[in-house]
There are 2 protein chains.
Amino acid sequence: MKQPCALHPHPHSHAHRLIQPPLNELTEQLRRRDRKITAPRQAILEVLRRHQHPLTNREIHAALGESECDLATVYRNLNTLEQMGMVRRFDFGDGTARFELLAEGDDGHHHHLVCTRCSTVVEVDGCFSTEVEARLARTHGFTQITHRLEFFGLCPKCAAGT
Amino acid sequence: MKQPCALHPHPHSHAHRLIQPPLNELTEQLRRRDRKITAPRQAILEVLRRHQHPLTNREIHAALGESECDLATVYRNLNTLEQMGMVRRFDFGDGTARFELLAEGDDGHHHHLVCTRCSTVVEVDGCFSTEVEARLARTHGFTQITHRLEFFGLCPKCAAGT
DNA sequence: ACACAGTTTGCAATTCATTTGCAACAAGGC
DNA sequence: GCCTTGTTGCAAATGAATTGCAAACTGTGT
């Protein structure tokens with residue numbers, strides 16, 4: 001196991017572009033600040049309620065229909081809703097964030113299995129790393145350990161249809 | 001566990017932006033094509049050999065020094081080297097890819113523990129999901145399952161220095 | 001040496017996701 | 001009413017990554 005070594009500090013610092021686990025101290029603070037459920041936010045939550053699979057900003061924006069608002073507003077509000085803990089961000093590694101509605105009191109911790117051909121997404125239940133995280137904490141002295149885990153594969157249909 | 005549901009197919013199709021596991025059939029094909037180790041490629045591998053932690057395209061480009069080449073060339077060659085199986089791409093979720101040198105015969109499968117404050121990276125040995133993948137294959141009928149897993153936390157120094 | 005095909009490079013321009021500056025707005029206090 | 005604060009639309013900017021194109025380079029056959 002290699003020695004730790006700091007990467008070059010990033011010269012540019014886009015607020016949410018920093019390397020961050022889904023929930024850290026900062027978002028924890030913001031989560032407490034009461035924000036209102038404005039019309040656009042309501043509409044976005046509604047869209048997420050309808051499709052219960054991770055959607056991109058653009059997809060959500062497209063699905064708004066009646067209650068259309070600016071794409072920038074969708075971006076801003078999804079960030080806000082994430083901080084409020086009402087929505088969970090996922091990263092499938094294709095460069096665009098995806099969001100899922102978060103049930104009340106649910107920390108939303110689960111993972112996905114994504115088809116690499118047709119992008120079908122299956123939600124995977126259960127999480128496999130709690131004790132692993134504890135081990136890492138012991139081994140490396142890190143605290144507040146979280147993780148990001150997604151599975152990829154070829155779905156039955158795509159495997160057949162080749 | 002929810003029903004599978006295809007996302008909207010992406011209208012734009014940047015070659016490597018597709019949702020893909022580190023190694024799929026396509027890269028498997030390309031891996032076999034013999035590509036030469038040109039000067040820039042050599043230099044890039046050299047840089048990766050020096051720093052043995054995941055580096056971004058930009059960091060590598062900056063570290064080239066003497067054997068400077070265009071940043072686009074760095075991007076192109078890291079993609080090529082990845083296809084050749086000489087380099088492994090990692091995604092820490094901050095929007096920029098990072099690369100590590102891959103030892104001969106090593107499939108490079110390991111994960112990282114990243115400090116969310118100072119970006120210190122520790123390589124984590126061992127992988128925890130082989131049997132999980134088998135279970136997913138059984139449960140959902142997916143094949144060729146791979147995964148992407150990174151850990152995040154607060155390193156001892158940052159925890160102390162707060 | 002010479003020509004030719006295929007690969008690679010530099011450079012500039014482009015794409016795409018995401019963020020941001022700014023002025024106009026809305027709502028809640030005082 | 002007026003002031004403060006958060007929100008929105010719009011346009012512009014940022015930043016990673018890709019790409020078109022022409023020039024340079026590689027190796028191969030003659």
Side-chain angles (χ1 to χ4, degrees), chain A residues 7-20 30-45 54-62 64 66-84 87 89-99, chain B residues 7-20 30 33-45 54-62 64 66-84 87 89-99:
Chain A
L7 299 177
H8 306 207
H10 305 219
H12 48 341
S13 58
H14 277 216
H16 91 269
R17 285 264 174 159
L18 290 173
I19 294 176
Q20 286 189 344
L30 291 170
R31 175 199 274 264
R32 302 199 190 293
R33 268 183 36 204
D34 52 317
R35 303 281 191 71
K36 293 145 214 146
I37 302 294
T38 63
R41 304 219 238 268
Q42 185 59 256
I44 288 170
L45 291 173
L55 296 179
T56 65
N57 282 279
R58 196 168 293 277
E59 287 168 337
I60 293 168
H61 179 245
L64 282 175
E66 278 310 290
S67 29
E68 162 132 8
C69 68
D70 196 83
L71 181 56
T73 302
V74 176
Y75 273 96
R76 277 190 283 232
N77 281 333
L78 281 168
N79 288 340
T80 306
L81 289 170
E82 186 191 13
Q83 292 165 353
M84 294 169 70
V87 134
R89 177 191 303 260
F90 286 98
D91 173 14
F92 291 172
D94 67 339
T96 74
R98 287 178 170 74
F99 297 86
Chain B
L7 300 177
H8 306 207
H10 305 218
H12 47 340
S13 58
H14 277 217
H16 93 270
R17 284 264 173 160
L18 290 173
I19 294 175
Q20 286 189 344
L30 290 169
R33 280 216 344 237
D34 52 317
R35 302 281 192 70
K36 294 144 214 147
I37 302 294
T38 63
R41 304 219 238 269
Q42 185 60 256
I44 289 171
L45 291 172
L55 295 179
T56 66
N57 281 279
R58 198 170 291 277
E59 287 168 337
I60 293 168
H61 180 244
L64 282 175
E66 278 310 291
S67 28
E68 162 133 6
C69 67
D70 196 82
L71 180 56
T73 302
V74 176
Y75 272 96
R76 278 189 284 231
N77 281 332
L78 282 168
N79 288 340
T80 307
L81 290 169
E82 187 192 13
Q83 293 165 353
M84 294 169 70
V87 135
R89 177 189 303 259
F90 286 98
D91 174 14
F92 291 172
D94 67 339
T96 74
R98 287 179 170 74
F99 297 87

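In what follows, chains are A, B, ... by sequence order, proteins preceding strands, each numbered from 1.
Taking atom CG on Asn77(B) and atom C1' on dG10(C), their separation rounds to 12 Å, with Å as the unit. Rounded to whole Å, atom C1' of dA17(C) lies 14 Å from atom NE2 of His61(A). Following rounding to the nearest Å, Lys36(A) (NZ) and dC25(C) (P) show an atom-to-atom distance of 19 Å. Whole-Å rounding puts the Asp94(B) CG to dA17(C) P distance at 18 Å.
Within the 4.0 Å cut-off from OP1 or OP2 of dA17(D), at least one side-chain nitrogen or oxygen of Asn57(B) is found. Under 4.0 angstrom from either OP1 or OP2 of dT8(D) there lies at least one side-chain N or O belonging to Thr38(A). Regarding contacts with the backbone of dG10(C), a side-chain N or O of Thr73(B) is found under 4.0 angstrom from either OP1 or OP2.
With dT18(C), dA16(D), dT8(D) as the choices, the nucleotide that has an atom nearest any side-chain atom of Pro40(A) turns out to be dT8(D). Here the side chain of Ala72(A) is nearest to one of dG9(D), dT20(C), dC11(C), namely dT20(C).
Between Arg89(B) and Asn79(B), the side chains place a donor N or O and an acceptor N or O closer than 3.5 Å (distance only, hydrogens not considered).
Below the 3.5 angstrom threshold, one finds no donor paired with an acceptor across the side chain of Arg76(A) and the base of dG6(D).
Ala97(B) comes within contact range of the sugar-phosphate backbone alone, with a heavy-atom separation under 4.0 Å but no base atom that close.
With His61(A) contributing its side chain and Cys69(A) its backbone, the two residues share a donor-acceptor pair below 3.5 Å.
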